[in-house]
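Letters go in sequence order (proteins before strands), and every chain restarts at 1.
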Amino acid sequence: MSKEVRVRFAPSPTGPLHIGGVRTALYNYLFAKKMGGKFLLRIEDTDQTRFVPGAEEYIKESLEWLGISPDESPWNPGDCGPYRQSERKPSYMQYALDLVEKGHAYYAFDTAEELEAMRERLTAARVVQPQYNSISRTQMKNSLTLSEEEVKERLASGEPYVIRAKMPRKEEVRLNDMIRGWVMVHTSSLDDKVLMKSDGMPTYHLANIVDDHLMGITHVIRGEEWLPSAPLHVLLYKFFGWEDTMPQFAHLPLLLKPNGNGKLSKRDGDKLGFPVFPINWENQETGETAAGFREQGYLDDAFLNFLAFLGWNPGDEREIFSLEELVEAFSMERIGKSGTKFDIDKAKWYNEQYLRNKSDQELASYIKEDAGKDGVELNQEVAEKAAALVKGRVTFPADLWKESKFLFVPLTGFDMDVAAKKWNADAVKVLTHYSKTIAGFTGTFDAETAKAMLGASAEAEEIKLGKVMQAVRLAVTGSGAGPDLMEVFAILGTQEVSKRIQFALDTLPVIA
RNA sequence: GGUCCGUUCGUCUAGGGGUUAGGACGCAUCCCUUUCACGGAUGAAACACGGGUUCGAUUCCCGUACGGACUACCA
């Protein structure tokens with residue numbers, strides 16, 4: 001019989017959630033939903049010194065933006081609360097003590113200076129790995145070296161202490177990672193990790209095992225940076241006697257810099273001009289800010305689609321997936337092993353695809369909003385026309401207004417390079433004729449009519465239309481490039497087109 | 001340094017003992033077109049290296065190189 005799949009995303013609230021973390025959350029979500037299970041969020045705030053106000057809210061908002069909100073979380077608790085480790089603090093000590101009793105952990109009273117001295121001593125002795133381990137612990141102040149009475153005394157006197165895991169001297173730890181297969185590590189290379197800190201808080205290692213166990217977590221899906229400590233975690237499950245319910249591990253490949261090597265960092269984004277965070281971040285206290293994909297104009301579903309493909313693929317040649325389709329297609333086996341370089345061009349491409357698939361109605365609302373910011377009020381009908389006209393030439397929603405703005409505000413000038421090449425006597429003749437003709441036109445001025453009339457004007461002046469089209473565009477739009485000109489004319493209407501042509505005729509000097 | 005993980009076009013990847021090594025982004029060319037873009041078509045572009053195993057290896061094994069992660073009373 002198989003029990004319900006329960007996975008968790010367990011970020012620590014130390015700042016804005018990195019895009020790699022968002023992808024981890026997404027894969028957790030996809031796996032949970034695919035398996036018909038639950039996706040939980042647990043805040044790992046056991047390091048009180050690194051707590052950053054607002055970080056929790058940021059995590060919540062980021063996940064909500066992408067539509068991958070957890071089934072259980074601090075804000076939406078299930079039966080396994082609390083969902084913040086700081087609030088679970090009282091329960092950890094008993095588990096650490098249980099390990100001490102079983103002989104799998106011990107008290108250590110060494111000060112920071114003593115630890116430093118130990119490392120220096122070992123380094124001087126050319127020990128390859130200067131660490132607190134099965135060898136060096138015999139030289140340190142802990143309940144393994146001190147007498148029982150002295151340990152009791154120290155404890156009773158309130159002397160600060162930590163509880164360390166006691167690594168077996170010679171043992172092979174194996175774990176079957178869902179992505180990497182069997183990974184084997186010898187305990188001789190592991191150190192006696194601190195389980196309980198002197199402030200009474202557990203470290204990540206203890207807390208995550210205890211909580212995963214208590215919360216019924218079946219699969220631990222996390223970044224590759226955790227792989228080296230996974231053997232310790234396996235050992236901890238053994239120490240507790242929880243092997244039977246130990247979750248399966250899956251260590252995700254890292255997100256790397258677009259150029260060069262190494263993990264993707266905030267600096268890379270700043271340097272290359274793209275965000276590495278889902279949404280904007282601002283730390284009120286420090287003034288630290290970070291740009292988000294959302295505010296840069298990335299669509300939630302496009303960004304999600306892009307993110308899903310950073311390290312995973314469906315195995316066929318489809319590229320566009322809604323969240324529901326991702327859930328359907330997702331499988332852990334199809335996650336790659338190697339690190340993935342971040343490619344912002346692909347993100348843009350996804351955004352374009354999703355933008356073009358939106359209806360003119362939806363697109364119109366973006367245009368209306370941005371136009372409003374420029375003090376231009378547009379009605380739905382005309383905004384939709386503008387949207388239809390420019391939707392094929394944009395990457396971000398904000399581009400819609402940028403590309404169509406010229407329809408609604410007076411021209412600020414003409415592209416003089418184009419003018420130098422294309423503005424000539426022939427163009428002036430045709431435009432003069434055309435301007436007069438349409439000014440008196442009272443029929444329906446649609447694209448076809450506009451074009452037919454323009455053709456007629458050219459013919460009347462015995463000039464080939466193709467010769468002057470660029471000049472016509474320049475006169476009406478100020479630019480040598482843009483969307484379909486006759487559609488532009490239709491939106492503008494006879495009076496506005498005529499007016500603009502007249503203005504161009506008055507303004508632009510004829511060269512030839 | 002040590003431990004662990006990884007390596008198919010520039011990038012994301014499919015594939016897997018015998019293939020013209022497939023797709024996507026980007027790039028180039030052409031078509032469409034009054035322009036730019038969109039769209040369509042085409043093209044350049046990859047199995048890190050060395051040994052095995054095998055009739056045959058890009059695919060399996062072992063090394064090497066390169067890259068990465070970890071190496072805290074941080075997660």
Side-chain angles (χ1 to χ4, degrees), chain A residues 10-14 44-47 49-50 85 108 110-112 115 119 123 126-132 160-164 177 179-181 183-186 188-191 193-205 207-208 222-231 251 253-254 256-263 306 309-320 334 336-350 352 356 390-394 403 418 422 451 454 464-474 477 479-486:
Chain A
S12 52
T14 55
E44 309 238 326
D45 55 352
T46 53
D47 186 351
T49 63
R50 294 209 309 162
Q85 289 185 325
D110 316 276
T111 63
L115 290 172
R119 286 191 198 102
T123 304
R126 295 214 213 113
V127 172
V128 276
Q129 279 169 277
Q131 56 185 16
Y132 210 117
Y161 66 92
V162 300
I163 294 178
R164 285 180 180 272
D177 188 273
I179 293 173
R180 279 145 225 289
V183 176
M184 271 164 277
V185 179
H186 199 88
S188 61
S189 69
L190 267 25
D191 63 344
K193 279 273 181 299
V194 170
L195 263 21
M196 287 298 290
K197 299 184 268 190
S198 55
D199 65 359
M201 274 291 197
T203 60
Y204 170 84
H205 300 108
N208 109 86
R222 77 234 290 197
E224 192 187 343
E225 67 269 27
W226 293 109
L227 196 49
S229 58
H251 289 94
L254 261 17
L256 308 172
K257 296 176 193 297
N259 55 356
N261 304 304
K263 241 197 316 195
F306 164 71
F309 272 69
L310 247 33
W312 173 86
N313 76 84
D316 54 39
E317 282 165 7
R318 291 175 297 159
E319 305 259 18
I320 305 296
R334 299 213 62 86
K337 298 183 205 305
S338 50
T340 302
K341 286 190 182 173
F342 192 81
D343 181 10
I344 196 65
D345 281 334
K346 198 79 173 227
K348 285 182 181 163
W349 179 79
Y350 269 112
E352 288 164 359
R356 276 168 209 150
V390 301
K391 70 195 288 186
R393 21 192 337 112
V394 298
E403 289 286 326
V418 178
K422 303 287 183 180
K451 183 162 191 178
L454 184 58
K464 286 190 105 178
L465 184 56
K467 290 268 189 191
V468 297
M469 273 312 281
Q470 281 292 82
V472 174
R473 173 180 291 282
L474 180 73
T477 70
S479 158
D484 188 276
L485 230 207
M486 295 306 120

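In terms of the side chain to side chain donor-acceptor pair (under 3.5 Å) criterion, residue partners of A:Glu44 (sequence neighbours excluded) are, by chain and number, A:Arg42, A:Gln85. Residues satisfying the side chain to side chain donor-acceptor pair (under 3.5 Å) test with A:Thr111, not counting sequence neighbours, are A:Glu113, A:Glu114. The side chain to side chain donor-acceptor pair (under 3.5 Å) test applied to A:Gln129 returns no partner, not counting sequence neighbours.
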- [ ] Just do the side-chain contact (heavy atoms from CB on, under 4.5 Å) check on A:Arg164 and A:Val194 with the steps written out, would you?
- [x] CA-CA 4 Å; A:Arg164 285 180 180 272; A:Val194 170; 3.8 Å; yes
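For A:Arg334 and B:G15, the shortest distance from a side-chain N or O to OP1 or OP2 is below 4.0 Å. For the pair A:Asn313 and B:U13, the criterion of a side-chain N or O lying under 4.0 Å from OP1 or OP2 is not met.
One finds no salt bridge joining A:Asp343 and A:Lys341 here, because no Lys/Arg side-chain nitrogen approaches an Asp/Glu carboxylate oxygen to under 4.0 Å.
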What nitrogen or oxygen pairs link the protein and nucleotides 64-74 of chain B at under 3.5 Å?
unit_1 : atom_1 : unit_2   : atom_2 : d
B:C73  : O2     : A:Ser198 : N      : 2.7
B:C73  : O2     : A:Ser198 : OG     : 2.7
B:C73  : N3     : A:Ser198 : OG     : 3.0
B:C73  : N4     : A:Asp110 : O      : 3.3
B:C74  : OP2    : A:Lys197 : NZ     : 3.2
B:C74  : O2'    : A:Asp47  : OD2    : 3.2
B:C74  : O2'    : A:Arg50  : NE     : 3.4
B:C74  : O2'    : A:Arg50  : NH2    : 3.2

Would you list the protein and nucleotides 41-49 of chain B atom pairs, both N or O, that sit under 3.5 Å from each other?
none

What nitrogen or oxygen pairs link the protein and nucleotides 24-30 of chain B at under 3.5 Å?
unit_1 : atom_1 : unit_2   : atom_2 : d
B:A24  : O4'    : A:Glu319 : OE2    : 2.6
B:A24  : O2'    : A:Glu319 : OE2    : 3.0
B:A24  : O2'    : A:Lys346 : NZ     : 3.3
B:A24  : N3     : A:Lys346 : NZ     : 3.1
B:C25  : OP1    : A:Trp349 : NE1    : 3.3

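Taking both residues in full, the closest heavy atoms of A:Gly480 and A:Val418 are given as CA-CG2, 3.9 Å, listed atom of the first, atom of the second, then distance.
The pairing partner recorded for B:A65 is B:U7, the criterion being a Watson-Crick or G-U wobble arrangement whose two distances lie under 3.5 angstrom. Shown here, B:G43 forms a base pair with B:C27; the pair counts as Watson-Crick or G-U wobble because both key distances fall under 3.5 Å.
When distances are taken from the side chain of A:His205 to each of B:C4, B:U34, B:A75, the shortest belongs to B:A75. The A:Ala481 side chain lies nearest to B:C36 when the options are B:C36, B:U13, B:U34.
For a distance-only test at 3.5 Å, the side chain of A:Arg393 qualifies as a donor-acceptor partner of the base of B:C36.
Between A:Met469 and A:Gly392, it is A:Met469 whose nearest contact on RNA chain B lies nearer the 5' terminus. Summary of the strand contacts: A:Gly315 and A:Arg356 both lie near RNA chain B, and taking for each the nucleotide with the nearest heavy atom, the more 5' one is attributed to A:Gly315.
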